[in-house]
Number of protein chains: 2
Amino acid sequence: MVTIKDVAKVANVSISTVSRVLNNSGYTSTGTKEKVTQAVEDLKFQKNMVATAMIKKQTSTLGLIIPDIRNIFYGELTRAIEDQANQFGFNVILCNTDNDLDKEADYINFLLRKGVDGIIFSTPEMNDRNIKEIIKTRSDFPFIILGSKVTDVQLDEVLVDNFEGSYQATNHLLELGHKKIGFIGGQHNSYSTMERLKGYESALKDSGLESYENHIRLDEFKIPSGYNKGKELLSLSDRPTAIFAANDAIAVGVYKAARELNILIPEELSVIGFDDSQFAEIVFPPLTTIRTPITEMAEKTVELAIQTSGKGKNFKETITFQPSLIERESTSQVAEQKDPS
Amino acid sequence: MVTIKDVAKVANVSISTVSRVLNNSGYTSTGTKEKVTQAVEDLKFQKNMVATAMIKKQTSTLGLIIPDIRNIFYGELTRAIEDQANQFGFNVILCNTDNDLDKEADYINFLLRKGVDGIIFSTPEMNDRNIKEIIKTRSDFPFIILGSKVTDVQLDEVLVDNFEGSYQATNHLLELGHKKIGFIGGQHNSYSTMERLKGYESALKDSGLESYENHIRLDEFKIPSGYNKGKELLSLSDRPTAIFAANDAIAVGVYKAARELNILIPEELSVIGFDDSQFAEIVFPPLTTIRTPITEMAEKTVELAIQTSGKGKNFKETITFQPSLIERESTSQVAEQKDPS
DNA sequence: ATGAAAGCGCTAACAG
DNA sequence: CTGTTAGCGCTTTCAT
């Protein structure tokens, strides 16, 4: 390994001089600067970042904690985060927890010991005990939460307006004449599920409808959940004419359920998703959904993390992005309902 | 930050003693061991890994370089890698290059300067100049390539038998009576595309058929490529009755093309993919495909990286996994061809 | 069994 | 403008 020392020797200067030209700090005469630069090139010297990290107490690394990168939503999110981090000269360490809090605790610990400059959480759990705990002892450290909230905790948060998006989705269905609208959400302890459920119920109420318990299902933000719960809903004697899936993956599951039951989308069943992930355009018919501005959110998140780590910002902020309705072909005017008999 | 020094003070021992009990190295009396352990707990001491990294020259971190994590295949691969790395107490830094060699060069450099213990490449480019270059100066370093090969370079490689998988896929179609079989592959400079093309051509030849240039298209391993090339192939007057898509994403694109052209799968067109990714079960009809044992491959890759970094293995190996045919519903007996007139 | 001391590769005062 | 020196937090001889 070629070190600053070798460079110093070759350039015939002291190591501090080498350090100075390397960092462009302090004064250096053009002459020595050239000598050093030359030596650096000759030796193909590369500054060892772990040594620097030790002194400066910054590693140019961010931790990203998510449930599972295989989930397409997190794939998109992670990509956006990594891009932005890279823009700032940062790397990201990826951690998949499967929503396992013990696993998460281990990751947090490990990341902290490795001296990452910030940790971004994009985990759904509203009562994440790890976050609640760590925030107590490290309130100064850049922990940012993206796409969710943890109750009773002061934290930088970057969110999409779940309630609003959900309200829009439900309203879209309502405007198409649907009265029996099912809802399939993620985990009951997930912030976004709960907000989306509220938006749904609120839209229903505002249009004079009551939300019907039996048309509401919560499970996971995954395809099989959409399939199972979709099947349940669609097997009901008073089955909904429309389903609001709290994310696109659930919607995909609903598609599968509908197909098996020979229910046509959108003729006999309107489906709307949430996220506007890759799925939305793959499926047939293309999925109407609520777009989450994930790239913008990720960018803001990284900025927040890096800025906080640099300056030691002493306040927490919540940034909320607005979602938007993307109409495709999975929703349509409600059909005349034939009486089930 | 609480350091080993603080612990030493509280436990009333020297820092070297603390270090010893922390690492369970050398001799320590049970008494002092307890004192130290107690102090560690009291102070909630956590060993700073960057200091250790500086001395030991290992960071417990692996770099992973891929084109794009949004690509579902890489999502699955990355998850498997991360899991396995975590098993060994390693983290992984994720790098998306979009197949941009300059971007890749920057990442490699950065990772090396950060002292990662190994770099895993899962990039398709057969003539990757960065890998060719870096291997020259750092032939000792654990560079592992997963799912591809770089020509004229000695490197640890973990592969799936592309030729065999492709041969199987084509043969499956042949056995169903298809004679006009299209092929849509990824980039022409991609190792797996080329191997898969060879397997396809070989199967054709072995069954006495000639491969027909006009039924072969190369583009990218992405949905839009499958869509565009699929549309081209399906618009031909002597259009194929079956298409072998060199990965599942391409197959999804073909589905879309077929739907727009009102061509039924599998009645009028058989489609087979490669990878057995999540897509395969989402689409309708479920996609027949070739399964790549990605988890096993990822595990082996990580093992190789970590072992090499530890021991300084002085030979390179190539490990090839066998793929298998997963029959679902997108392939069927060839239909009687109505003469186009 | 334990402590003192040197040092990993670099940065950052502080002299000169 | 440049060199000397003292660390960053930890590991590791080497004495004792």
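Note that the coordinates shown come from a computational prediction; the quantities given were computed from them, not determined experimentally.
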Chemist: Is the NZ or CZ atom of A:K313 both under 6.0 Å from the centre of the six-membered ring of A:F315 and within 45° of that ring's axis?
Modeler: yes

Chemist: Side chain of A:M54: nearest nucleotide among D:dC10, D:dG3, D:dC8?
Modeler: D:dC8

Chemist: Mark yes or no for whether B:T37, through its side chain, and B:K33, through its backbone, hold a donor-acceptor pair below 3.5 Å.
Modeler: yes

Chemist: Taking all atoms of both residues into account, what is the closest heavy-atom pair of A:R79 and B:P67, and its distance?
Modeler: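 Here A:R79 and B:P67 meet closest at NH1-O, 3.8 Å.
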
Chemist: Whole Å only: how far is the CG atom of B:D6 from the P atom of D:dG9?
Modeler: 9 Å

Chemist: Is there a donor-acceptor contact under 3.5 Å from the side chain of A:N48 to the main chain of A:V50?
Modeler: yes

Chemist: So if I take every side-chain heavy atom of A:K5 and compare against C:dG9, C:dA1, C:dC8, which nucleotide ends up nearest?
Modeler: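 Closest nucleotide to the A:K5 side chain: C:dC8.
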
Chemist: Taking only the side-chain nitrogens and oxygens of B:T32, find out if one of them lies under 4.0 Å from OP1 or OP2 of C:dT2.
Modeler: yes

Chemist: Please pick, from C:dA1, C:dG9, D:dC10, the nucleotide with the shortest atom-to-atom distance to any side-chain atom of B:I15.
Modeler: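 Looking only at side-chain atoms, B:I15 lies closest to D:dC10.
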
Chemist: Which part of the nucleic acid does B:V13 contact within heavy-atom distance under 4.0 Å: base, sugar-phosphate only, or nothing?
Modeler: sugar-phosphate

Chemist: Should B:S29 be listed as having a side-chain N or O under 4.0 Å from OP1 or OP2 of C:dT2?
Modeler: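 Yes, B:S29 has a side-chain N/O under 4.0 Å of OP1/OP2 on C:dT2.
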
Chemist: Give the rounded distance in Å between these two atoms: CG of A:L22 and P of C:dA12.
Modeler: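 Answer to the nearest Å: 12 Å.
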
Chemist: Nearest whole angstrom, please: distance from the P of D:dG7 to the CE of B:M1.
Modeler: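 Distance check: B:M1 CE to D:dG7 P gives 18 Å.
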
Chemist: Rounded to the Å, how far apart are B:N23 CG and D:dT12 C1'?
Modeler: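 So the two atoms are 10 Å apart, to the nearest Å.
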
Chemist: Salt bridge between A:E41 and A:K44, side-chain N to carboxylate O under 4.0 Å?
Modeler: no

Chemist: Using the side-chain heavy atoms of B:I4, tell me which of these nucleotides is nearest: C:dT11, C:dA13, D:dT11.
Modeler: D:dT11

Chemist: Taking the side chain of A:T52 as its heavy atoms from C-beta onward, which of C:dA5, D:dT2, C:dC10 lies nearest to it?
Modeler: C:dC10

Chemist: Just wondering, more than 12 heavy atoms not from B:Q46 lying within 6.0 Å of its CD?
Modeler: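 Yes, the 6.0 Å shell around CD holds more than 12 heavy atoms from other groups.
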
Chemist: What is the distance from NZ of B:K9 to C1' of C:dG3, rounded to the nearest Å?
Modeler: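 Spelled out: NZ on B:K9 to C1' on C:dG3 is 16 Å.
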
Chemist: Could you check B:V50 against B:T17 and say which one's nearest nucleotide on DNA chain D is further toward the 5' end?
Modeler: B:V50

Chemist: Of the listed nucleotides (D:dT2, D:dG9, D:dT12), which one gets closest to any side-chain atom of B:S19?
Modeler: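 In terms of side-chain proximity for B:S19, the closest of D:dT2, D:dG9, D:dT12 is D:dT12.
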
Chemist: Rounding to a whole Å, what distance do you find between B:R20:CZ and D:dC14:P?
Modeler: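 Distance, rounded to whole Å: 14 Å.
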
Chemist: Can you check whether B:K57 has a side-chain N or O nearer than 4.0 Å to OP1 or OP2 of D:dT11?
Modeler: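 For D:dT11, neither OP1 nor OP2 has a side-chain N or O of B:K57 closer than 4.0 Å.
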
Chemist: Looking only at side-chain atoms of B:S16, point me to the closest of C:dG3, C:dC10, C:dT2.
Modeler: C:dG3

Chemist: Please confirm whether the shortest side-chain N or O distance from B:S14 to OP1 or OP2 of C:dG3 is below 4.0 Å.
Modeler: yes

Chemist: Does A:K33 put a side-chain nitrogen or oxygen below 4.0 Å from OP1 or OP2 of D:dC1?
Modeler: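 False: A:K33 side-chain N/O out of range (4.0 Å or more) of D:dC1 OP1/OP2.
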
Chemist: B:N48 has an atom CG; how far is it from atom P of D:dG7, in whole Å?
Modeler: 18 Å

Chemist: Between B:I55 (CD1) and C:dG9 (C1'), how many Å, whole number?
Modeler: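 Whole-Å distance recorded here is 11 Å.
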
